[in-house]
Amino acid sequence: MNRGRKTRPRHSSQDGVYFAMEDLLSYGLLTFATLALPSLGLCLAIKVTKYFNLAYGDIVTAGAFLALLMNLSFKINIGIALLISIALTALLGVFLHKVVFKALMEAKVGPLTLLVVSLGVGLVIRNVVLIGWGPQPYQFNTPLTRAKHLGPFFFTPNQIVMILICILVAIGIFLMLRYTQLGRLMRATSDNPSLSLIRGISIEKVYTYTWIIACGLAAIGGVFMGMLGTIKPGMGEEALVTLFACLIVGGIENPYGAVVGALITAFAMEATAIWISPPYKVVSAYLLMFFILLIKPSGIFGREKIQWKYFLGFLRSRQ
Amino acid sequence: MKKLSIIAILVIFCAVFGFAKVNTANAVQPIRLGLLLPYTGAWAWVGAGADPGAELAVQEINADPALWPIHRPIKLYKEDTETKSAPAIAGARKLYDVDKVCGIVGPTSATVRSIIPLTKEAGALEISPTAGTTKLDVIGGGINGEYIFRTVSSDVVMTAGMVWWAMNKLPFKPTKAATFTADTEGSRSIKGGVVDACKVVGLPLVTQIEFALNQPSYRAELKELFKKGPQVIFWEANPATDATIFKQWYQMGYDGQWIGSDFANRTSAKGSLPASEGVIGVNPGVLVNERTNAWVERLNKISGKKGATPFSANAYDAVILFALSIEKAGSDSRTAIRDALRSVAQPPGVKVYTYAEGIKALRAGKDINYEGIAGTQDFNKYGDPITYLKAEVMTTKDPSGMKRIGTVLPEQIKDIIDGVLAIRAKRAKAQ
Amino acid sequence: MEILSWILTIATIVAIYSIMGLALNVHFGYTNLPNFGIAGFFAVGAYASAILTAPHRFREMEIFAGFPGGVAGRIEAPFIVGLLAAIVLAGVVGLIIGIPLLRLREDYLAVASIGIAQTIYYVAVNELWLTTGSAGIRLIPMPTGNRYLYFLLVLLLLAIAYWVVNRFYSTPIGRVWRGVREDEVITASLGKSIFRSRMSAWIAGCSIMGAAGCLWAHYSMAIQPGEFVPTTTFLVWIFVIVGGLRNNKGILLGAILIMGFFEQGTRFLPAIGAPYIMPAIRLIIIGVLLVVFVRFRPQGVLPERHKKIEAHIR
Amino acid sequence: MNILEIRDLDSGYGKALILQDLSIDVKEGGFTAIIGPNGAGKTTLLRTIFSLCDLYKGTISFRGKDITRIKAENLSDIGLNYVPQEESIFPSLTVFENLRMGSVKEKSREKISSRLERVYNRFPVLEKRHGQSAGTLSGGERQMLAVGCALMTDPDLLLLDEPTAGLAPTLVEGLFQDIAKLNTEGRSLLLVEQNAKMALQYAHEAYILEGGRIKQHDDAANLLKSEEIIKHYLSV
C-alpha cells in the first residue's frame, strides 16, 4: 500500500547491523556538525536577548551565500571564504539588531512581538538572497574526494575537518562563556538585564557582541550545510525548526544543552532514516521536540523533574 | 478611520482596474494568448526554459503583417503559477476573465490539473508544453469535454526512451536496475513509467526507493539503493537534490549508470558536476538537422543562452499550433480554435515545417499537418503526441555541463510504449 | 462581465482566507495562543473533505497510471459530510496537539506549532495510502457545480464564521478567553480552568481553520501538499496584523487589502528582470509591512474595541 | 549641601502614572529613609532615579548636576549605586563573578583587587563562598553580596531597596548595623524600607510615601515619636 515504506532497510545479518551502526555514527556526526554550531548560536541569542528570532534560519542561509560569493565569484579558498563570511554575517546580524530589533526592545515589547517581527525580517533576507542568486542550487568549489573507512567511521577528509572545527569552536565558545569577561557579561545580561544596567553593564553592547557570535556561528553552520549538501535560498528556513528542536531537547537557554540537543537530534534523525523511513527524518526531530515539551519543557538539562502526569493530568485539572 | 480605509480601498481598486483598462486600449486589436508557467517556486527553471520558445514563436508570427493569422498580430499575456495551485488558479482566471485570452499555453504537471476545470468552463483550448505526467494520459483531447493537449509527450514516452537507452546504448547489457525517485507527482509518474517499461523489456528492478526532496543528506537512501548492486539507476529528483545525491554518491564510492529524465538538465548538471560526470539524461529534445539548428540559433538570440532551453521547442510548437488553428478557425473565438486544432496538427494534410509555410497552405485552401520542432505533434486520441527524445551526458568537458550523445526516435521506442499502454489497460480493467 | 468573474475568483480566495484569519483571531486575538501552524489545520480540513468526497474516477485514473489507489475515491461522500468531517477532524487533531502545546509559554507555542504544521505536511507527502502523496487529490467536486453559487456558499460560511467568532467575543466563554489573555492569575483565581478555556478556544479555532481548508479543497478542486507550506501561515498572520488583530472587521479588511489587492493586484504590474524577481519583491514588501506595522501601528488598521479587563471576567 | 535633589517628579511605567509631584532631598553624608505601605511607589522612586522608569516631569540632580538624561548603565560612573530589592544578584554567576560585575568599567586591576578586599573584609562570609554559584546562597548572604556588589564602584550615594525583605528577624538587626556603618564611613544613603521602626531608628531623616505622593517629611527621631506614625506604620 505505502510505497514509501518499502524503502525501509532491514538489517538482519550481523554484518548489516554493523553497517547500520557505522551509518548511524558517521551520518549522525555529520548532521551534528551542521546543526551544533547554529544551534549553539541560536541558544546564545535567545539566552541573552530573550526572544525567539525566526530570522536566524535565514541568517544561516545568508552566511552560506556570502561564503559562496567569496568562493565562486572572487575565487577565494573555501577556508578563507568561511572566515570572511563569518565576519560579514556577523555584520549583518549587528545591522539587523540595530535597525530593527533595538528600538523594539527599548520600547519593551513582548517576546512574541519580536518573534513576529523576526518573521518579517526573515522573509526579507530570504527573498533578497533569491533576487541576488536566483532559485537554483549552488555548490562550493571544493575538491571532490571519496570517503574512507576509519574505524567505525566513514568520512571524507573535508568532513573530518568539519567535525573537528565544530567541536573545537563549540569548546571555544564554552570556554569563552566560562572564563572571559565577555562570557560573564553575557551570562549576567541573560540572568537579569535590568540589574546589569544598574551594575553599569552596557547591555546594548552585550547584545551586539552576542549577535556577532550568534551570526558567526550561523555562518559556519550555513557553510557546513552547503559543504554537505547544496546551497539554496530556502536552506536555512528548512533547518530552523530542526534547530529549535535541538534547543528544546537540550533546554532552551543552556549552551551545553544546545550542543547535546543537537547531538541527540542528529542521531535521532539519522536513526529514523536508517530504521524507519528516510522521508520522516525531519519529522523525528519535531516529534522528539514535542515529546520533550510534553514531559520536561525545560529540556533534558532542566531542573524540573520529568512530569509524566502531564499526559493525563489535564483531564483532571480544575484550576 | 473606517471612512479613510474605504476610500483607500476604492482608490486602489480604481488604480488596479484603470491599469487593466489602459492595456486594452490598443489601435489594432491583437489576438490574446495566455502563457501560464511557473516562473517562481520549485519549477521556476521550467518556466524560464519554456518562455523564450513562446516568445520566439510570437516574434516569428508577428514578423510579417501579411502573414498574421486572421490579419491580426498575437500578443502574449503571461501569468506565474508559482508552482502552486492557488496562484495558478488566480492566474488562469485572470487570463480568461481579465485579459480575455483565446486559449492558454501551459502550465506544468504541478498545477495543470487545477486549471483543466477552468479551461473546460471557458470552452477554450489549453496546450501544455511541459506537463508530461502520466495522469493526463487518459484525459484531454476532447474526451469528456476536456480539451487539454500537450506538445510534450507523456512520461510514458520519456521513460520508454530511458529504458530503451539503458538496454541498447550502454557499453554493457544491464541485468539489474533500480529506481531512485522523489515523492512528487512528476517523479512518481516517471517511476510508474519506468516500472512498466522495464516489465516490457524484461529488465528486473531490484530496488525501488522513494525519498523526500531537499534533504541535507541522502546517504541512508544511497546505501540502501546500492545494496543489491544495480547497474542502472533510473532517477528523478530536482536540481537542488541532485547536487546532494551525486556528491554523496561520489563520496561513498558507489558505481552504477544513472539515467534520468527531463530533470537531468543543465541546471542540474551545473549544480552537481563534477560529481555527476557521466550521468545520462533522456528527455524531449529537438532533432539535430539544418532546420533545428537554425531554430536554435534564432532561439539563442531571444534567450541569451546557448542551445535549446528545456521545453522551449514544445512551447514554440504550442504557440505556432495556436496561430495556425486561429487561421483555420477564421476567428479568435475560443471554441472555434479548440475545434480547429486537430485539423492543422495531424494527418491527413500537407506536411508543413514552419508557420509561414503553414499559413500560406491554409490560405491556399489546403489541409495541413504541422511538423513541430519538438516532434511531429500528431496527437493521439488523448491529445498527446510522441515527441523526439535526446540523450545527453553530464560532463565537465562541455561548458554548458551537458553533451548530446544521441537521439531517440519515436519508431525506436514504439514497441515499448505499446507494451506499457497494454499493461496499463489490463490493470485498469482488472480494477 | 468576465471581469466580474475574475473579481469573484479573487473574492472567493479572500473569503476563504478571511475565515482562517477569523480563526487566528480566536487563537491569538482572544486567547493569546500564537498559532504558527495554520497551514497544518488548513491541510487537515482540506484533506479530510477531499478524501471523503473525491469521485471513483479519480481512483481509477490513479490505478491506470500505476499508482496505488489509496482511500480517496472509495467513499464519494456528499459535500456536507466532507465539511463536517473537516471541522471535526481538525478539531480532534487540534485537541491531540493542544495537550502538549497549550501548557507552553506563548513563544514556545509559536515555534512548536510551526513544527506541527510541518509534521502534517510530511504526513500528507508520505502517507500515500491516505493522501496519495505529493501528487495530491484531484477531481474534487465543487458542490454547487458553479463558481458563482460556490462564492455565495463561501460567503454564507464566512458570515456564519464571522457571527460565531463575534459571538465568542461577548459570550461567557469568550470573556474567560480574554481574561486568560489579560491575566491568567486573576482568571484562575475566579475558578476558571486556564487549560480548559485555552483548549476550548484552541479547538474552536482549529475547527474553523479545518472548515476553511474544506472550502479551499472544493474550490480549487485539486489539492497537493505543496500548498500547505509555512508561507500560507505567514500570509494569514500578515493580513491579521495589518488589518487589526482582535477586530473581526479589521481582519476582513486586512484580507481584502493583502490577499486581494496586494497579492492579486501586483499581477498587473509589469515584470522586472528575471521572472522570480517580482514575487520575491512582493514577499519583501510583505516582510517590511509586517515590521513597520508591528513597530508603528501594532493595533493594525482597525484596532480592538477597548473594553476594561474587569468586564471580561464574570 | 544636598547630594541628591528631586523636584516635582512625575513618573511611572508606560501609561501608568505612579509617582506624582514628588520632591526629595538627601544630604551629603546623610541617611534618608523612605517608608510607606506596599504599593506606595517606593521601588518606583528608586528605579526612576536610576533611569529605569519613564519620567514625565521634574528634575533629579546629583551633586547639582541633572541626571535625568544619563543612562542607567552610566550612573555608577558618577558615584551613584543601587541595590534593588529582588533579583539583586546574578544567580548563575559565582560570588566572585558577581562582585567582578560590580566594577565592570574599572580598568585598573589594583583598584579592583583593593575594593574586592574591602568587601571581603566587610563581609567575610563572601570570601568563604568565593567560587560558589550565587544562586545557592542563603537570603542574608545574597543581601550582603548585593550590597558588596554596589560597593565595588565605591559610590558616594547608595540607594537601598528594602534590604531586609524576606530575611529572618535575627539577621535584620545585623544588616542594619552594617548599613549604618556604611553611612558613618561617609557614604550618603537613601533607604526604602517597609520595616519603618527599624529604618527610623537608624536613619537621620525620613519621608513617608503613600499613593505615589509624599505625605510627611521630618527628622527620623521626630517621626518615631509621632503617634500617628506609630499607629499607621509601626504597629504592624
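Owing to the predicted nature of the structure, the values given are computational and were not obtained by experimental measurement. Within every chain, numbering begins at 1; the chains are lettered A, B, ... in the order of the sequence lines, protein sequences first and strands thereafter.
- Closest approach of A:Leu144 to B:Tyr250, counting heavy atoms only: CG-CD2, 3.3 Å.
- Contact detail for B:Ala243 and A:Gln139: the closest heavy-atom pair is CB-NE2, 3.1 Å.
- Of the two parts of A:Leu30, only the side chain, counted from C-beta on, holds a non-hydrogen atom closer than 4.5 Å to a non-hydrogen atom of chain B.
- Distance check: A:Ser26 OG to B:Met252 CE gives 9.0 Å after rounding to the nearest 0.5 Å.
- Neither the backbone nor the side chain of A:Lys148 comes within less than 4.5 Å of any heavy atom of chain B.
- Proximity to chain B is limited to the side chain of A:Thr156, based on heavy atoms less than 4.5 angstrom apart.
- Salt bridge absent: A:Asp23 and B:Arg219 never bring a charged side-chain N and a carboxylate O closer than 4.0 Å.
- Interface residue A:Tyr27: backbone and side-chain heavy atoms are both found under 4.5 Å from chain B.
- A:Gln159 places a side-chain heavy atom less than 4.5 Å from the side chain of B:Gln251.
- Residues of residues 225-238 of chain A lying under 4.5 angstrom from chain B, judged on non-hydrogen atoms, are A:Gly226, A:Met227, A:Leu228, A:Gly229, A:Thr230, A:Lys232, A:Glu238 by number.
- Taken from CZ in A:Arg146 to OH in B:Tyr254, the straight-line distance is 11.5 Å, to the nearest 0.5 Å.
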